[in-house]
Amino acid sequence: MSRISRKALATAIIKVQAMNLKEKEQLADEIHLQQPHMLGSCLVQERFGVSLAKTDVLINIILVCYQAMKESKLSWPLITEDDQDRQLTRYTALVKFAEDLKGQLREQSITGYLEAHPEKELFAYVNSELVGWLKSVVPEQSDKYVMLAAMNIVNCIAYVPMPELNNEYERDL
């Protein structure tokens, strides 16, 4: 079951789209305090040859993802560098595995991954944003780093172990 509901995601998208630059900066400051490693994975893109202009999509994705986490009303643990490394290793292994498959086996592998993903709506949102972004930019080799970082954000959110619920209010959500 998804921890971020469709309603929470929709609310997050609407809120972030309505934000002015100052409000987005304030949300980025909050992310820096609460989830610094996730924000860092966006800010480090320049080291991989990604232009500043191409990081905009990733910044927007992290803002929406973090706002969706807030809208879920759950107490999210710190997503560590180890969590990020683990999810990146897992995701790249799955992509490489699927690349080696042919025809129906490849389709089954991709379908199985999508059906088993715990945050389907968030995953779909990020995929949609990336597809739109890819259609609007001149392709470069470094684009893969933006896409990997975006997918890693979703997977870290989806697979980070949550602490036990401590009170009745959280259990009722």
Side-chain angles (χ1 to χ4, degrees), residues 1-48 50-81 83-88 90-92 94-95 113-137 142-163 170 173:
M1 185 172 124
S2 179
R3 297 182 279 199
I4 296 175
S5 69
R6 185 175 293 160
K7 181 181 177 186
L9 177 58
T11 301
I13 293 167
I14 291 166
K15 282 185 176 182
V16 171
Q17 286 175 345
M19 288 180 179
N20 61 34
L21 184 58
K22 181 72 173 164
E23 292 167 325
K24 287 181 180 182
E25 287 175 356
Q26 290 171 343
L27 186 59
D29 287 344
E30 185 177 336
I31 297 169
H32 175 69
L33 292 173
Q34 299 297 318
Q35 294 293 344
H37 306 295
M38 286 177 53
L39 182 60
S41 69
C42 299
L43 301 178
V44 74
Q45 294 298 308
E46 188 178 19
R47 291 185 187 171
F48 300 118
V50 178
S51 68
L52 190 56
K54 285 196 169 186
T55 60
D56 281 350
V57 70
L58 197 51
I59 297 299
N60 188 62
I61 286 171
I62 189 73
L63 293 174
V64 169
C65 287
Y66 181 76
Q67 186 65 41
M69 291 166 71
K70 286 176 50 175
E71 297 295 328
S72 76
K73 305 285 191 237
L74 296 173
S75 297
W76 290 84
L78 175 67
I79 294 171
T80 66
E81 287 182 31
D83 293 326
Q84 289 181 308
D85 288 344
R86 188 172 22 266
Q87 290 308 318
L88 185 59
R90 181 178 176 270
Y91 183 70
T92 54
L94 287 167
V95 169
Y113 177 76
L114 295 174
E115 288 176 354
H117 201 281
E119 295 294 341
K120 289 176 184 60
E121 287 84 8
L122 190 61
F123 186 86
Y125 165 76
V126 170
N127 264 329
S128 175
E129 290 295 300
L130 290 173
V131 167
W133 172 74
L134 285 171
K135 289 178 181 178
S136 71
V137 298
S142 62
D143 294 348
K144 67 183 177 187
Y145 298 115
V146 174
M147 295 185 301
L148 282 172
M151 297 313 299
N152 204 43
I153 289 167
V154 173
N155 288 332
C156 285
I157 292 169
Y159 293 104
V160 67
M162 296 295 279
E170 288 181 329
L173 291 177

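Because only heavy atoms are used, hydrogens play no part in the values below, and waters and symmetry mates are left out as well, while side chains stay in.
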Under 3.5 Å, which donor-acceptor pairs do the side chains of residues 148-155 form with other protein atoms, sequence neighbours left out?
unit_1: Asn152; atom_1: OD1; unit_2: Leu88; atom_2: N; d: 3.0
unit_1: Asn152; atom_1: ND2; unit_2: Gln84; atom_2: O; d: 3.2
unit_1: Asn155; atom_1: OD1; unit_2: Tyr113; atom_2: OH; d: 3.1
unit_1: Asn155; atom_1: OD1; unit_2: His117; atom_2: NE2; d: 2.7
unit_1: Asn155; atom_1: ND2; unit_2: Tyr113; atom_2: OH; d: 3.3
unit_1: Asn155; atom_1: ND2; unit_2: Met151; atom_2: O; d: 3.3

Applied to residues 7-25, the salt bridge (charged side-chain N to carboxylate O under 4.0 Å, His left out) test, sequence neighbours excluded, yields Lys15-Glu71

Practice problem: Would you mind reporting whether His37 and Leu78 have side-chain heavy atoms less than 4.5 Å apart? | Solution: yes

In terms of heavy-atom contacts, Ala68 and Ala12 come closest through N-CB, 3.4 Å

Separation between CG (Leu114) and CG (Asn127), nearest 0.5 Å, reads 7.5 Å

In this structure, CD1 of Ile14 is separated from CE of Met19 (nearest 0.5 Å) by 12.0 Å

Output for pair (Ile4 CD1, Lys70 NZ), nearest 0.5 Å, gives 13.0 Å

Taken to the nearest 0.5 Å, the spacing of Met162 CE from Leu74 CG works out to 4.5 Å

Residues pairing under salt bridge (charged side-chain N to carboxylate O under 4.0 Å, His left out) where one sits in residues 35-45, two or more places apart or in two chains, turn out to be none

When rounded to the nearest 0.5 Å, the distance separating CD1 of Ile13 from CD of Glu129 is 7.0 Å

Worksheet entry | Pro163 side chain near Pro77 side chain, heavy-atom distance below 4.5 Å | yes

What pairs of donor and acceptor atoms, side-chain ones from residues 55-66 against any protein atom, are under 3.5 angstrom apart with sequence neighbours left out?
unit_1: Thr55; atom_1: OG1; unit_2: Leu52; atom_2: O; d: 2.6
unit_1: Asn60; atom_1: ND2; unit_2: Tyr125; atom_2: OH; d: 3.4
unit_1: Tyr66; atom_1: OH; unit_2: Glu30; atom_2: OE2; d: 3.0

Of all heavy-atom pairs linking His32 and Pro36, the shortest is O-CB, 3.2 Å

Side chain to side chain donor-acceptor pair (under 3.5 Å) filter on Gln87, not counting sequence neighbours, yields none

Contacts of Val137 meeting side chain to side chain contact (heavy atoms under 4.5 Å, CB included) (sequence neighbours excluded), chain-then-number -> Lys54, Trp133, Asp143

Taken to the nearest 0.5 Å, the spacing of Cys156 SG from Arg90 CZ works out to 10.5 Å

Validation row: Trp76, Gln34 side chains within 4.5 angstrom (heavy atoms): no

Requested in this report: Check whether any side-chain heavy atom of Met69 lies under 4.5 Å from a side-chain heavy atom of Gln35, and answer yes or no.
Outcome: yes

Item to complete: Determine yes or no for a side-chain-to-main-chain donor-acceptor pair under 3.5 angstrom, with Asp83 supplying the side chain and Thr80 the backbone.
Response: yes

Any side-chain heavy atom of Leu9 within less than 4.5 Å of one from Glu119? no

Could Arg86 and Tyr159 be counted as a cation-pi pair, given that NZ or CZ must be under 6.0 Å from the ring centre and within 45° of the axis?
no

